[in-house]
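Numbered from 1 within each chain, the chains take letters A, B, ... in sequence-line order.
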Protein chains: 2
Amino acid sequence: MTGDTTDPQGTAALRPSSRVTLDDVARHAGVSSATASRALGDHPHVAEATRRRVREAAALLDYVASPEATRLAGGPTGRVAVLVPHPSRWFFGELIEGLEAELRAAELDLVLFRVGGPEERHAFFARLPARRGVDAVVVLAFAVDEVEHARLASLGVVVVAAGGRVASYPSVGIDDHRAGRQAVDHLLHLGHRRIGMLAGGDEQRLSPDPDGRASAWRAALRDAATEPDDDLVVTVPWDGEGGAEGMSRLLGLRAPPTAVFAHCDEMALGAMRTLRRAGLRVPEDISVIGIDDHPLAALTDLTTVAQPVREQGRRAGAMVLDTLRGGPPPRVPPAEMLPTRLVLRGTTSPPGVPR
Amino acid sequence: MTGDTTDPQGTAALRPSSRVTLDDVARHAGVSSATASRALGDHPHVAEATRRRVREAAALLDYVASPEATRLAGGPTGRVAVLVPHPSRWFFGELIEGLEAELRAAELDLVLFRVGGPEERHAFFARLPARRGVDAVVVLAFAVDEVEHARLASLGVVVVAAGGRVASYPSVGIDDHRAGRQAVDHLLHLGHRRIGMLAGGDEQRLSPDPDGRASAWRAALRDAATEPDDDLVVTVPWDGEGGAEGMSRLLGLRAPPTAVFAHCDEMALGAMRTLRRAGLRVPEDISVIGIDDHPLAALTDLTTVAQPVREQGRRAGAMVLDTLRGGPPPRVPPAEMLPTRLVLRGTTSPPGVPR
DNA sequence: CAGTCCCCCGGAAGCGCTTCCAACGCCGCG
DNA sequence: CGCGGCGTTGGAAGCGCTTCCGGGGGACTG
C-alpha cells in the first residue's frame with residue numbers, strides 16, 4: 001500500500017537477513033565450496049589450517065547452513081515424528097516434554113502426529129515413507145506391528161517406543177507387572193483380600209506381557225493365598241469416566257471389594273467420585289490406589305505407584321540420538337525399564353469390619 | 001538378503017514407496033514437471049482437465065512433495081511451529097489436539113517447541129530466521145513482543161496466538177474478564193461477599209487486558225457494592241501446588257474468605273487439598289470455583305467456568321490456514337473470543353454463618 | 001635422485017521443486 | 001480468411017549444499 005512495492009531485485013542485498021551462502025564463506029576463505037562444506041562438516045582430509053580459516057569465515061559472516069539444501073542434498077532431515085494417542089492426557093504430555101528436551105538439545109525438531117486408533121496409525125505409516133520427512137519415529141504407548149516396523153527400518157527410519165515396550169525395537173517403559181505388584185501388595189499388606197481392579201482397556205497399548213498390571217493383580221493375590229475372583233475386575237477406558245463407570249459396576253457386586261487397584265490415577269480419581277456419590281468414605285470404607293503419580297494425585301491425596309514419565313521421554317530421546325548417530329541399532333533392541341515406587345498417601349488404609 | 005538387490009532402475013515403480021517425485025507424476029500424467037507443479041499448486045493458467053489428470057496421477061502414485069525441495073525452490077515448507085510453555089498441562093495438550101487436527105487435515109506438520117520462559121522464547125525467535133523451517137508460528141498462551149512479531153512478519157512467517165490474545169496479531173481465546181465475572185458473579189449470587197482470589201502468576205500469559213480475570217473479580221465485587229480487599233488476592237503459579245499454597249495464605253488471614261475464585265481448575269483443586277487438610281469442608285465451610293472445566297473437575301465435583309479449549313486450538317489452526325492460503329492478513333487482526341459457561345457442581349453453595 | 005603414495009583440494013553433478021520465458025495452437029475479431 | 005492475442009504448456013535455470021571423481025603437490029621410500 002505504501003511505497004513498499006515489490007522490488008524485484010535491487011535491494012535484495014539490503015534485506016534484513018539476506019542469506020549468507022556456503023559459497024560466500026568459501027570465497028571469503030579462499031577455497032571452493034566443496035572444501036568449505038567438508039571443513040564445516042568435520043570431514044577428514046581437510047588441512048587443519050584450512051578448516052580453521054573456513055570456520056572463521058563462517059563465524060565472521062554469521063553463516064548458518066540452509067537446512068533444506070542440506071537435506072535435499074542427502075543429509076538427514078533433523079526431524080523426528082512422535083505418535084501420540086492423546087496429547088492432552090498428562091501421561092503423554094509429560095512424555096512429550098521429556099522427549100522434546102532431549103531432542104531439542106540435539107537440534108532435532110519434534111513433529112507431532114496425533115494417532116488415535118489403529119486405522120489412523122496405519123494411515124500414518126502408509127504416508128510417512130512417501131513424505132520421508134523424518135529420521136526417526138517415536139511411538140508413545142502404542143503398538144506398531146512387525147510389518148510397519150520392518151518397513152520403516154528398510155527406509156532407514158529408526159523406531160523407538162516409550163511408555164511401554166515391544167520386543168522388536170528399542171523402548172523405554174516401566175515394569176508393569178512390578179508396578180502392579182507394588183500396588184496390590186500394598187493393599188494386601190494392609191490386610192485387604194477382596195481387591196477389585198479397574199483395568200485399562202487395551203486400546204493398543206504396548207507392554208512386555210500384554211497385560212502386566214492385570215497379571216500382577218492375579219499373581220499377588222495368589223501369593224497371598226487368595227484365589228482371584230474375576231468378578232472383581234472390570235475393564236474400562238483409561239480415563240476418569242472409565243474409572244467412575246467401572247467403580248459403580250464394582251459396587252453393584254453382591255460382595256463389593258474393600259479396596260480397588262486402578263491401572264492409572266485418572267481411573268482411580270473417577271472411582272473416588274463414584275464412591276463419594278455412593279456415600280462411601282475413602283479410605284475408611286474402601287481403599288483406592290492408582291498408578292502414575294499424576295500431579296492431581298498429590299492434590300487429592302491419592303496413594304499411587306509413581307513412574308518417572310518425563311524421564312521415559314528423555315530416555316526415548318536419547319535412544320533416538322544414539323541410534324541416529326551411532327550407526328545401526330544393536331542386535332538386541334534395548335528395553336529399558338525405569339523404576340517405579342509406591343507413594344503412600346491418604347486413600348489406602350486397613351479394611352474396616354467386613355459386612 | 002533375498003533377491004531383493006539394488007535394482008538400479010527397472011522395477012522402481014514397483015518398490016513400495018521409494019520416493020515418488022514430481023517428475024514421476026508429470027510423466028504419469030503426460031505433462032511436464034512444470035505443469036505438474038502448477039497443477040498441484042493451484043496456480044492459474046492450467047487447463048482444468050490437465051489439473052485433474054495431474055491430481056489423479058499424484059493420488060495414484062501417492063505423491064507427497066519433498067518439503068526440502070519445495071522450500072529450497074522458494075515454496076512453503078508445510079510446517080508450522082507451535083510454541084508451548086507446558087506440554088503436559090491439560091490446557092496445552094488440549095490446545096495442541098485441536099491444532100493438530102486442523103493442521104493435519106490441511107497436510108501441514110506440527111513442529112512442537114517447548115518454550116518455558118522469555119529467554120527460551122527469545123532463543124527460539126533468534127534462531128528461527130536462520131533455520132526458517134516453518135511457514136507459521138502458533139503461540140500458546142504466551143506473549144510475543146512487537147519486535148519479534150515484526151521480524152517474523154518480514155520473513156513471511158505468519159503468527160497466530162491461541163489461548164489468549166494480543167492486539168498485534170490474530171488470536172483465539174476467551175473473554176477472560178467475562179469468564180471471571182461468570183465465576184465471581186456466581187459466588188456473589190450465592191450470597192458470598194468475602195471472596196478470595198487465587199490469581200495465576202502472569203508468566204507471560206497473553207490477554208486482552210493483561211489481567212482480565214483479576215479485573216473481573218474487582219468489577220464484580222464493586223458492582224455488588226463491596227469494596228475489593230487486596231488481602232484476599234494471592235498470586236501464585238498456575239498449578240495445583242500454587243493453589244494449595246495460595247489457599248493456605250488465604251486461610252492465614254484474620255478474616256478468611258467464605259469463597260474462593262481460582263484462575264484455573266488445577267489451582268482450585270490445590271486449594272481444596274489445603275482446605276481438606278485444614279479440616280474445612282467444601283462447600284459447607286468454604287466454596288471454591290475454578291476456570292477451565294478440566295476433566296478432573298468433573299471427577300472432583302468442582303464448580304467451574306468451562307472454556308472450549310480444543311476448539312480454540314482448532315480455530316487457531318484455521319486462522320493459520322486462512323492466512324497461509326489467502327494472502328496477507330486483514331488490516332485488523334481478528335481476535336476471536338469463544339464463549340465460556342458456568343458449570344455448576346458441588347463445590348459452591350451459599351455461605352454458612354460467619355464466625 | 002626418481003618413483004609412488006597419500007593428502008588436499010577444486011570441478012561438477014545432482015537432490016526435487018518452482019518459476020521465468022518462450023513457444024505453441026486455438027479462438028475471435030476485423 | 002488472416003492476424004493478433006490469450007490461455008496453456010514445455011524448457012531450463014537455478015535454490016544451497018553434499019559428494020564422487022580426479023588432479024596436483026609434497027613427503028617418503030628404494
### Value in whole Å for how far the C1' atom of D:dT19 lies from CG of A:L22
13 Å

### Task
List for me each residue that meets side chain to side chain donor-acceptor pair (under 3.5 Å) alongside B:R53, sequence neighbours excluded, and say none if there are none.
none

### Query
Excluding sequence neighbours, so at least two apart, what forms side-chain contact (heavy atoms from CB on, under 4.5 Å) with A:E56?
A:R52

### Task
List for me each residue that meets side-chain contact (heavy atoms from CB on, under 4.5 Å) alongside A:D62, sequence neighbours excluded, and say none if there are none.
none

#### Entry: Electrostatic pair A:R55:A:D42 at N-O distance under 4.0 angstrom
yes

### Query
Roughly how many Å is it from CD in B:E48 to P in D:dT9, rounded to a whole number?
10 Å

### Query
A:R27 has an atom CZ; how far is it from atom P of C:dG11, in whole Å?
13 Å

### Query
Does B:A58 have any side-chain contact (heavy atoms from CB on, under 4.5 Å) partners at least two apart in sequence or in another chain, and if so, which?
B:V25, B:L40, B:Y63

### Summary
A:E100 meets the side chain to side chain donor-acceptor pair (under 3.5 Å) criterion, sequence neighbours left out, with A:R104

I'd like a table of atom pairs between the protein and nucleotides 24-26 of chain C - only N or O on both sides, under 3.5 Å - with the distance next to each one.
none

### Query
C:dG16 P sits how many Å from B:E68 CD, rounded?
11 Å

#### Entry: Pairs involving residues 26-37 of chain A, ordered by first then second residue, that meet salt bridge (Lys or Arg N to Asp or Glu O under 4.0 Å) (sequence neighbours left out)
A:D24-A:R27

### Message
Side chain of A:T70, heavy atoms from C-beta onward: which of C:dC8, D:dC17, C:dC17 has the nearest atom to it?
### Response
D:dC17

### Query
Residues from residues 29-45 of chain A sitting under 4.0 Å of DNA chain C, heavy atoms only?
A:G30, A:V31, A:S32, A:A34, A:T35, A:R38, A:H45

#### Entry: Interatomic distance, A:R71 CZ vs C:dG16 P [rounded to whole Å]
16 Å

### Task
Would you please name every residue forming a side chain to side chain donor-acceptor pair (under 3.5 Å) with A:D23, sequence neighbours left out?
none

### Query
In degrees, rounded to 10°, what is the bend between the two ends of the helix from C:dC1-D:dG30 to C:dG30-D:dC1, using five pairs at each?
40°

### Query
Residues in side-chain contact (heavy atoms from CB on, under 4.5 Å) with A:A26, at least two apart?
A:V31, A:S33, A:A36

### Message
Under a 3.5 Å distance rule, please check whether A:E94 uses its side chain to pair with a backbone N or O of A:R310 as donor and acceptor.
### Response
no

#### Entry: Integer-rounded Å distance: C:dT18 P and A:L72 CG
11 Å

#### Entry: Contacts of A:R51 that satisfy side chain to side chain donor-acceptor pair (under 3.5 Å) - sequence neighbours left out
none

